[in-house]
Amino acid sequence: MKILIVEDDIDISKLLHTFLTDQGFKVSQAKNYFEAEDKLISYSYDVILLDIGLPDGNGLQLLKFLKSKNIESGVLIVSAKNSLDDKLEGLNLGADDYITKPFDLSELNARINALLRRKNYNGHSKVIFNEISVDTNANTVFVNNNPLTLTKKEYELLLYFIVNKNRMLTKEAIATHLWDDAIDLVDNFDFIYTHIRNLRKKIAELNGSDYVKTVYGMGYKFTDYEV
Amino acid sequence: MKFNKKINRNYISLILILFVVISSISYVVISKVILLNAKEKLAEKEFMIKNEITKSGVLPQLFPLYETQKIKDSFEIKSKYKQIYLKDNLENEVELYYEYQTIVKIKDTYYLLKIRQSSVENEDLLLAIILPLLTMLFLAFTFSYVINKRQIASVWKKFEYNLNQIKKISLQHPKELKLLTTNIDEFDSLNQVVTQLINKLQTDYNNLKEFAENASHELQTPLAVILMSLEEVMQTNLSESVHAKIYQSYQEIKKLTKLNKNLLLLSKIDNDQFTDVEKVDLSDLIKQKLDLFKTIIASKNIKVETDLKAMFKLNMSPFLANILINNLISNAINHNINKGAISVRTTVNSFEITNTTNGQSLNLDKLFKRFYKVGTDSNSVGLGLALVKKITDASGLKLQVSQSDSKLTFSILI
């Protein structure tokens, strides 16, 4: 899977490059409109991470360029602004999703994966981790080929865990993923413990292994490595 | 009072006074003139009669105009001039006459002379002079009043137009200000000053808006870099104490992000940047948010009681409505006690949310101030309720708060 990062800030671009490469993507970078245009003409990418705040309004221009060339890549807009108008404008111009800086890398990862699944309707709709298999088209989960009934939040949580496997996920990141921005306002994130506990219990009931590991009171890690 | 009305009122009062004064003076003066004229005529008649008596010794009589009679001795006449009523034999009517009496001595004989003039004639004369005079005076005043009014009206029309143009000014939706020149120095001068002032205000506003937004956005990038770096560090194997410090830094950055976002929001609301007003169903929004937060509510064992049958719909920005309800409900959850309660009630033009508290008495005046925090909750940034107040103010809503027996109630009314 190939990703193009269009971002003018060097530090952010570097961090994103390292992270996404670790996640197994092939990553290219462009720091302005012209570099991006160059790369897009020569190569094709599965996902484009576009910083809409490129200087001189070039972010939007690139979006229009993509649309005009009918480029099929999934576009995830990265923006410093949390403006509803900007979001709508971006989505209207053909972007697939919108994420606001600063964000947790695990959240970015989840969004990119969701985008990929949407774009490749036929393939990549199954997310598998050992004996746990999630069909994102049908929204069903199987553990050892037995169907697992989950609530919406539990389903999203499981998906989030699998997509970010082997990565320490903070309580804040998990809560934000499940409840969006509304969660900003709630002071204490320990309530997510309930959802995690229920998920683990349900998986255990179908004889699935417990891959959820608690990390030092900061968060959780979904992994089959021994800690 | 309107300028025209005031000027006209003053003008008319003045005119009326002038009119009355001039009329009175004219009347008095002309009366006196006519009287003098009458006296002269009577004196002439006296002279003629004296001549007649001297020449021919005949006593002229022509009732009622003059009577003469011989008298033995001279005596003092009390009032030489007086008004008397006499019956005119010719016309068989009683009329008023102006009579002059005098005693003359001609060749050692005393004669009493009574000479008269018809008052009615004098009065007719008076009127014949006064009326045209006053009519012309009246016409002159009226004419000048009408002309004056017309001229003033045309100047004021332009002024009113300009006033309306100024009223329509909106810093959020700037349009070029076009004011009419009135050719009156004072007004044109005012136009110029106002235009300059508006331009300056617009520039300042734009600058401030830009500054607030730019500052906020500039902050996002370094915050993002720190956050992502910390997240990566947390993936590595470090000792528990180091991890704890890193995690704490991560949480503080999250807090900074929240602070930045909320401050920007406050500034945007201040600058009236949320003009997307629509019909919003708050009852529905409350239901949605309570559902969204149900896990959190359950984790604190809080009981929720609602009466949302009445639909509270109003016109406001949906974006702000979302934040308003979010913040009020979050506040009710965060400052609640374990096994506490929340109750929400709506009517067609209000809603009320109550939560149980730990009994601590709150300073209600300071509650909505920025950065006011209750308790030692380190995650609270202190802007939640400040935003609530700002939103209700900007949306034309009334916000009330009250506390009693460990319960805190917020009410929002139209």
Check whether any side-chain heavy atom of L178(A) sits under 4.5 Å from a side-chain heavy atom of T295(B), and report yes or no.
no

Counting distance only, does the side-chain N/O of [X] pair as donor-acceptor with the main-chain N or O of [Y] below 3.5 Å?
| X | Y | value |
| --- | --- | --- |
| Q220(B) | A80(A) | yes |
| W179(A) | F293(B) | no |
| Q235(B) | M168(A) | yes |
| E172(A) | K254(B) | no |

Below 4.5 Å from any heavy atom of chain A, which atoms of [X] appear? Answer side chain, backbone, both or neither.
| X | result |
| --- | --- |
| L223(B) | both |
| K268(B) | side chain |
| F319(B) | side chain |
| T221(B) | both |
| L383(B) | neither |

For each of L105(A), L15(A), D11(A), I192(A), tally heavy-atom pairs with chain B at distances under 4.5 Å, and name the one with the top tally.
L105(A)

Which one of A298(B), A244(B), S229(B) has the most heavy-atom pairs closer than 4.5 Å to chain A?
S229(B)

Can you say whether [X] sits under 4.5 Å from chain B via the side chain, the backbone, both, or neither, judging by heavy atoms?
| X | value |
| --- | --- |
| L16(A) | side chain |
| T18(A) | neither |
| F103(A) | both |

Exercise: identify the closest heavy-atom pair between A224(B) and K101(A):
CB-CD, 4.2 Å

Check this for me: [X], atom [atom1], are more than 12 non-hydrogen atoms of other residues, nucleotides or ligands nearer than 6.0 Å?
| X | atom1 | value |
| --- | --- | --- |
| N92(A) | CG | yes |
| I10(A) | CD1 | no |
| K202(A) | NZ | yes |
| K294(B) | NZ | no |
| Q248(B) | CD | no |
| K31(A) | NZ | no |

Go through the steps to decide whether K14(A) and M228(B) satisfy the test side-chain contact (heavy atoms from CB on, under 4.5 Å), and finish with yes or no.
CA-CA 11 Å; K14(A) 205 154 107 183; M228(B) 289 196 278; over 6 Å; no

Less than 3.5 Å apart, any donor N or O on the side chain of T170(A) or Y250(B) sitting next to an acceptor on the other?
yes

So, taking the atom named CE in M218(A) and the one named CD in Q251(B), what distance separates them when rounded to the nearest 0.5 Å?
10.0 Å

